[in-house]
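Numbers restart at 1 for each chain; the letters A, B, ... are given by sequence-line order, proteins then strands.
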Amino acid sequence: MHGRSRVFLLRRIHFKDSDRPRQLSCQTSPPPLPPDSNLKPLCLQGRLHEALSGMATLGTEVRFHGYDALLTACIDRRAFLEGQLVHAHMIKSQYLPSVYLATRLLIMYVKCDSLNDARHMLEAMPERNVVSWTAMVSGYSQKGHRAEALELFVKMMEAGQLPDEYTFATVLTSCTGPFGPKHGRQIHSLALKTNFDSHMFVGSSLLDMYAKASEIDDARRVFDMLPDRDVVSCTAIISGYAQLGLDAEALEVFKLLHKEGMECNYVTFSCLLNALSGLAALDYGRQVHGLVIRCELPFYVVLQNSLIDMYSKCGSLIYSRKIFDNMLERSVISWNAMLAGYGKHGLGSEVVRLFKSMVQEVRPDGVSFLAVLSGCSHGGLVDEGLDFFDFMVNGQRMKPDIGHYGCVIDLLGRAGRIEKALDLMKCMPFEPTTAMWGSLLGACRVHANVSIGEFVAQKLLDIEPENSGNFVILSNIYAAAGRWQDVARVRELMKERTVTKEPGRSWINLDKTMHTFYSSDRSHPQREQINAKIMELYERIKEAGYVPDLSCVLHDVDDEQKESILLGHSEKLAIAFGLMGSTPCKLIRITKNLRICVDCHNFAKYVSKVYARYISLRDSNRFHLIVRGTCTCRDYW
DNA sequence: CCGTTCGGGG
């Protein structure tokens with residue numbers, strides 16, 4: 001009996017259970033869905049417009065989650081008009097957003113590049129939290145409005161809101177420019193007090209701030225003190241060295257971190273390749289290219305652009321072109337890098353040809369024209385260059401900047417139209433730069449224009465009296481005109497002034513080692529053999545007709561000493577060293593920090609002829625490929 | 001919950 005009733009009871013219950021699921025589920029299932037609950041799935045599926053009409057239909061029934069989903073979708077898609085609709089709907093429904101939702105609105109405006117609306121939102125909010133303030137600071141920072149970002153940061157603290165690690169990381173990116181470092185240091189001390197300075201993002205931002213202020217030692221100190229490192233902080237320190245031209249240091253710190261197993265991304269390799277371009281370190285460049293492939297990053301356009309640039313600056317245009325040709329998509333920068341590469345190598349006709357295919361695919365920008373104009377100048381295509389300038393101004397309606405004028409002045413000077421170049425300098429809407437005067441002075445040397453040369457040199461000596469290169473060229477001009485008294489006068493002039501010039505430095509990469517030479521260098525371990533080699537070269541090329549150009553020496557010494565000073569020029573040391581290799585290679589690649597001097601250029605031409613070698617010499621201005629006694633620069637540089 | 005750091009070509 002008892003057992004039966006139990007079974008009965010159980011069956012009844014079981015029966016009831018399945019028969020009345022609704023009543024029972026009232027206690028175990030979630031509460032009924034809010035009316036706006038279908039907005040979120042629509043937003044997540046990317047059906048933003050359906051969600052918006054849903055919002056309109058629901059009227060005042062839209063709640064927190066609905067607005068949140070809508071705003072998130074607008075933020076993700078940078079949908080400004082849609083975001084405004086959501087905002088308007090909130091106002092019409094008299095919905096009072098929480099601090100969170102108001103902040104989401106603010107962020108929506110920031111992401112849609114409507115900083116005024118965002119600022120208005122921030123001002124109108126009855127309450128703000130650290131996220132609201134930081135989002136606004138970030139908006140100003142990312143749009144380059146540094147002053148506004150810093151002002152808002154101050155306002156935030158005046159309002160009693162303490163910054164957090166996000167705020168610090170953001171606001172420090174606005175600490176560049178003239179007063180940036182001053183503010184940056186203050187913010188650094190604030191971060192120290194609040195212990196956010198060792199946060200990885202804050203640290204990356206801090207060290208980048210110092211690097212951009214040329215305070216690389218402080219940047220390094222911040223980096224070394226960081227408790228943790230990630231790919232961004234490591235990249236930031238490498239980039240810091242590279243930005244300041246401290247290419248060897250950039251490579252050193254990369255080697256160190258790489259040994260420690262640092263992670264790399266495409267930014268890291270871009271910065272590193274930049275440093276290797278400066279060093280003309282083709283071997284390392286190839287190795288990094290290999291790493292890029294192994295890290296499965298080779299299809300980043302940014303990285304391919306860096307590789308194009310690296311190979312061309314390391315003297316290997318063929319590889320640049322291979323990468324360029326294999327790119328699935330190219331940006332305007334890819335084209336510009338390739339154009340600049342041809343230009344620096346003096347291949348003007350390739351520049352023109354490439355530019356013509358470029359305009360079929362993308363619209364050239366200011367840098368494209370700079371590359372084309374400078375390429376035409378280096379390639380000797382004077383009229384073509386002037387036509388391109390005309391095309392830029394009248395065809396494309398672009399406003400040339402000071403760099404474009406510099407190229408055209410260079411072009412005119414090369415053509416010997418020096419008065420015309422002077423006229424252009426007078427009527428252009430910019431102040432002439434030392435580079436322009438320098439280019440004109442070079443033109444006066446090549447075209448033996450003594451009178452304008454004197455005038456231009458005087459200008460240069462006023463503006464940069466410390467640059468002895470100008471004295472040397474003026475001396476060359478006088479010497480070419482046979483005005484030896486004036487040569488002596490220039491020499492006197494130079495003695496009066498305390499001339500501190502950047503020491504000439506050349507380097508050559510042999511057997512994966514960089515050998516660096518300074519003028520009259522006595523430090524290289526093989527200096528005895530190098531000197532002996534130079535003397536051997538000297539004797540042999542003299543037989544072939546080489547005459548040292550003593551006007552390249554301005555020290556007040558006798559001719560014999562001048563000769564020995566000339567023979568001590570860093571590029572000659574490097575050439576001699578390059579010829580000493582036990583396994584002689586056909587091509588000797590040399591890099592120099594300044595412009596090559598007239599005498600060394602001539603020396604290299606004779607060596608290439610007598611010793612049947614190719615000499616590739618990259619100076620601060622361009623490549624000189626010297627073969628069988630002639631140079632691709634056609635003696636104009 | 002939401003907001004963050006490094007960045008290619010003259």
Would you mind classifying the nucleic acid contact of [X] as base, sugar-phosphate or nothing, using non-hydrogen atoms under 4.0 angstrom?
X        : result
A:Ser204 : base
A:Val110 : nothing
A:Ala371 : nothing
A:Thr72  : nothing
A:Asn621 : nothing
A:Thr170 : sugar-phosphate
A:Val301 : base

Starting at [atom1] of [X] and ending at [atom2] of [N], how long is that distance when rounded to a whole Å?
X        : N      : atom1 : atom2 : result
A:Arg119 : B:dG3  : CZ    : P     : 20 Å
A:Met121 : B:dC2  : CE    : C1'   : 13 Å
A:Ile308 : B:dG10 : CD1   : P     : 12 Å
A:Met262 : B:dT5  : CE    : C1'   : 14 Å
A:Leu172 : B:dT5  : CG    : C1'   : 9 Å
A:Ile238 : B:dT5  : CD1   : P     : 19 Å
A:Leu105 : B:dG3  : CG    : C1'   : 15 Å
A:Tyr166 : B:dC2  : OH    : C1'   : 9 Å

Please name the residue in the list A:Lys399, A:Arg397, A:His404 that meets the side chain to side chain contact (heavy atoms under 4.5 Å, CB included) test with A:Met392. A:His404
With the threshold set at 4.0 Å, does a side-chain nitrogen-carboxylate oxygen contact exist between [X] and [Y]?
X        : Y        : value
A:Glu215 : A:Arg185 : yes
A:Arg221 : A:Asp217 : no
A:Arg119 : A:Glu123 : yes

Would you check if there is a donor-acceptor pair between the side chains of A:His120 and A:Tyr109 at a distance under 3.5 Å?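 No - no donor-acceptor pair under 3.5 Å links their side chains.
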Just checking, is any N or O donor in the side chain of A:His289 or A:Tyr311 under 3.5 Å from an acceptor N or O on the other one?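 Per modelled atom types, A:His289 and A:Tyr311 side chains form a pair under 3.5 Å.
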Strictly below 4.0 Å: does [X] bring a side-chain N or O up to OP1 or OP2 of [N]?
X        : N     : value
A:Ser233 : B:dC6 : no
A:Lys313 : B:dG8 : no
A:Gln243 : B:dC6 : no

At less than 3.5 Å, do the side-chain atoms of A:Thr134 and the base atoms of B:dG3 form a donor-acceptor pair? yes
With a 3.5 Å cut-off and heavy atoms only, can you find an N or O donor on one side and an acceptor on the other between the side chain of A:Asp164 and the base of B:dG3? yes
Output the single nucleotide from [options] whose closest atom is nearest the side chain of [X].
X        : options              : result
A:Gln142 : B:dT5, B:dG8, B:dC6  : B:dT5
A:Asn129 : B:dC2, B:dG8, B:dG10 : B:dC2
A:Val367 : B:dG3, B:dC6, B:dG10 : B:dG10
A:Thr235 : B:dC6, B:dT4, B:dG8  : B:dC6
A:Arg104 : B:dG10, B:dC2, B:dT4 : B:dC2
A:Leu370 : B:dG10, B:dG3, B:dG8 : B:dG10
A:Val131 : B:dC1, B:dC2, B:dG8  : B:dC2
A:Phe201 : B:dC6, B:dT4, B:dG3  : B:dT4
A:Ile333 : B:dG8, B:dG10, B:dG3 : B:dG8

Here the pair of heavy atoms bringing A:Ala242 nearest to A:Asp247 is O-OD1, 4.0 Å
Compare the ring of A:Phe168 with the six-membered ring in the base of B:dT4 and state whether they stack (centres under 5.5 Å, planes under 30°).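 Per 5.5 Å and 30° rule: no stacking.
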